[in-house]
Amino acid sequence: MSKIAELNEVAELKLNGQVYHLPVISGSEGEKAIDISKLRDQTGYITLDTGYKNTGATKSAITFLDGENGILHYRGYAIEDLAAKSTFIEVAYLLIYGELPNVSQLESFQRELTYHTLVHEDIKKFLDGYPSTAHPMGIVSSMFSSMPSFYPESLNPHRSSEKVNLTILRCIAKMPTLIAWAYKKSVGHPYVYPDNSRDYISNFLNMMFSTPAEEYTIDPIVVEALNVLLILHADHEQNCSTSTVRIVGSSQANLYSSIAAGISALWGPLHGGANQEVIEMLELIKLDGGDTEKWIAKAKDKNDPFRLMGFGHRVYKNFDPRARIIKAACDSVLNKLGIQDPVLEIAKRLEETALSDSYFVERKLYPNVDFYSGIIYRALGIPTEMFTVMFALGRLPGWISQWKEMREQGEPIGRPRQIYVGNNIRPYPELNKR
Ligand code: SDX
């Protein structure tokens with residue numbers, strides 16, 4: 001798997017009059033890193049990089065990002081090709097097992113997923129305990145944490161690869177059911193059971209929107225749009241939630257618990273929670289009369305906590321290729337569905353204004369994957385509160401593939417160091433002397 005070139009290139013570090021040589025490694029796309037894994041042993045120093053903006057956590061063969069050139073590849077395949085030609089289930093197979101499936105492998109994968117779509121009936125008792133106002137991210141994260149209660153053999157991640165693979169299949173197969181039942185709980189509708197005669201996305205839509213009174217009509221346009229959205233969200237190398245999954249898994253916690261932690265990390269408004277924030281922001285701007293210049297000024301004002309949600313990215317400093325694909329899909333999906341959504345025009349005006357404003361240009365702030373995705377989700381009938389859990393559905397195969405890679409690479413438990421800046425040692429004062 002590894003295409004790491006151990007070059008004879010070294011980095012020289014001068015400290016206290018001594019020169020240390022640190023190995024430089026180069027990845028298969030030419031990225032370079034200074035390997036500091038022995039730095040503290042050699043020098044007594046650690047590095048400090050709050051937010052890990054310059055620090056690589058691992059070597060991975062799953063996803064390649066080039067932020068300067070807006071490049072995103074899954075296992076070497078361009079996101080543009082996969083979005084145009086693949087399906088979400090095929091991409092999930094690619095990410096997890098490393099290669100695109102052939103016809104029989106894909107059929108077998110789909111068939112195996114079908115066997116595991118049901119969740120234990122006792123899950124309903126969990127759902128009964130939630131108020132209808134419970135956010136689906138909280139419900140789905142806790143459901144995943146509870147899965148080992150029903151599958152105790154999953155607690156040992158060292159089980160045979162067949163056992164680990166069974167847990168992987170269960171995660172992917174049951175996520176749509178858990179999400180749909182969380183939604184049904186929020187609207188007070190009866191749960192709709194998986195229908196194994198349907199494909200993955202049609203089954204999800206049916207569980208979400210059919211009721212005993214009326215069967216939901218599956219629109220191929222909606223299925224296709226969801227396929228593309230889920231593909232675009234499937235993996236994104238060492239982002240916040242994926243790093244969470246990896247570090248939880250590095251303690252040899254089971255896959256379900258690692259995923260549950262990833263769902264919680266994704267929930268944050270600076271990460272996956274941004275897609276819900278974007279729509280709420282656009283609605284606020286619409287209610288305020290649609291004055292995009294005013295809101296751009298607020299986003300630039302350091303004294304104003306308002307940020308342009310869906311804009312900016314830690315890695316992409318030119319454009320987010322996913323945002324480009326989603327923006328194009330917005331127009332075509334809304335046209336095909338005959339939907340006029342005024343917030344789409346507001347979003348486009350915001351983008352246009354921001355991209356000609358030096359504040360955004362200098363800071364290389366462009367629309368990210370979350371900027372337009374909510375507009376499509378809304379057009380597909382997905383309620384705003386469900387946007388982030390849709391991101392989790394898409395990201396699930398990525399989290400699984402990264403957890404699997406980390407376990408297969410036998411990575412050590414993740415345990416960053418720190419620089420202590422607190423009090424020096426001091427005597428314990430008696431209570432009456434404080
Ligand atoms: C995702 O990592 C991934 O791969 C994530 C993701 C994935 O697929 O997993 O791509 C998904 O999380 C996309 C990002 C969704 N979040 C948002 O849309 C929230 C809004 N964006 C930001 O909060 C911000 O841009 C981040 C969190 C995305 C990135 O933050 P960084 O890299 O830590 O950058 P920063 O906060 O240090 O910002 C640099 C400058 C600052 O200004 P100065 O202090 O230099 O003057 O840019 C400004 C920031 O104030 N800035 C913004 C801004 N984002 C950054 N100003 C206004 N509006 C914004 N959205």
Side-chain angles (χ1 to χ4, degrees), residues 49-57 60 62-68 70-74 79 83 91 95 137 229-246 262-282 285 292 294-326 347 350-351 353-355 357-375 387-388 390-399 401-402:
D49 182 21
T50 306
Y52 308 111
K53 295 189 176 186
N54 305 281
T55 299
S60 177
I62 298 170
T63 292
F64 171 66
L65 292 189
D66 176 337
E68 280 63 38
I71 290 173
L72 171 57
H73 296 165
Y74 294 161
I79 193 65
V91 165
L95 288 168
M137 286 293 274
L229 282 168
L230 294 178
I231 288 171
L232 294 175
H233 286 82
D235 193 53
H236 215 238
E237 54 131 275
Q238 304 310 312
N239 60 84
C240 175
S241 54
T242 300
S243 300
T244 303
V245 170
R246 283 184 85 118
I263 294 171
S264 299
L266 186 72
W267 197 355
L270 295 188
H271 190 14
N275 57 17
Q276 177 174 343
E277 299 276 334
V278 167
I279 281 292
E280 289 166 357
M281 171 187 76
L282 294 173
I285 295 172
T292 48
K294 169 185 168 187
W295 289 88
I296 289 283
K298 284 172 64 67
K300 291 159 60 178
D301 179 356
K302 290 301 172 198
N303 300 316
D304 189 322
F306 175 77
R307 278 201 162 185
L308 197 57
M309 299 311 277
F311 252 71
H313 198 278
R314 175 62 58 77
V315 175
Y316 290 123
K317 298 303 175 190
N318 201 328
F319 63 91
D320 182 335
R322 304 166 298 176
R324 278 193 171 175
I325 297 169
I326 294 174
L350 276 175
E351 177 183 4
T353 311
L355 297 191
D357 184 301
S358 59
Y359 173 92
F360 293 88
V361 174
E362 284 160 13
R363 291 167 179 80
K364 300 185 176 184
L365 303 175
Y366 299 89
N368 58 49
V369 68
D370 293 312
F371 191 62
Y372 286 104
S373 55
I375 295 170
F387 288 179
T388 308
M390 291 305 295
F391 193 144
L393 179 61
R395 185 52 52 90
L396 182 60
W399 285 333
S401 63
Q402 299 269 353

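Any value given below was found using the heavy atoms of this structure, including those in side chains, with hydrogens, waters and symmetry copies removed. We're numbering straight along the sequence, starting at 1. First listed ligand is number 1; within each ligand, the first listed atom is number 1.
- Crowding of Y52 atom OH: a count of heavy atoms from other residues, nucleotides or ligands under 6.0 Å not exceeding 12.
- Near ligand 1, residues K53, H236, N239, P269, L270, H271, A274, A299, K302, R307, L308, M309, G310, F311, G312, H313, R314, R322, Y359, R363, L365, N368, D370, F391, R395 each place a heavy atom inside the 4.0 Å sphere around the ligand atoms.
- Within the cation-pi definition used here (under 6.0 Å to the ring centroid, within 45° of the axis), R395 does not qualify as a partner of F391.
- In this view, K317 satisfies the side chain to side chain donor-acceptor pair (under 3.5 Å) rule with no residue, not counting sequence neighbours.
- The side chain to side chain contact (heavy atoms under 4.5 Å, CB included) search around D320 returns H313, Y316, R322, A323, N368, V369, not counting sequence neighbours.
- Checked by atom type, the side-chain pair S241/H271 shows a donor-acceptor distance below 3.5 Å.
- Remark: W295 engages D288 in a side chain to side chain donor-acceptor pair (under 3.5 Å) (not counting sequence neighbours).
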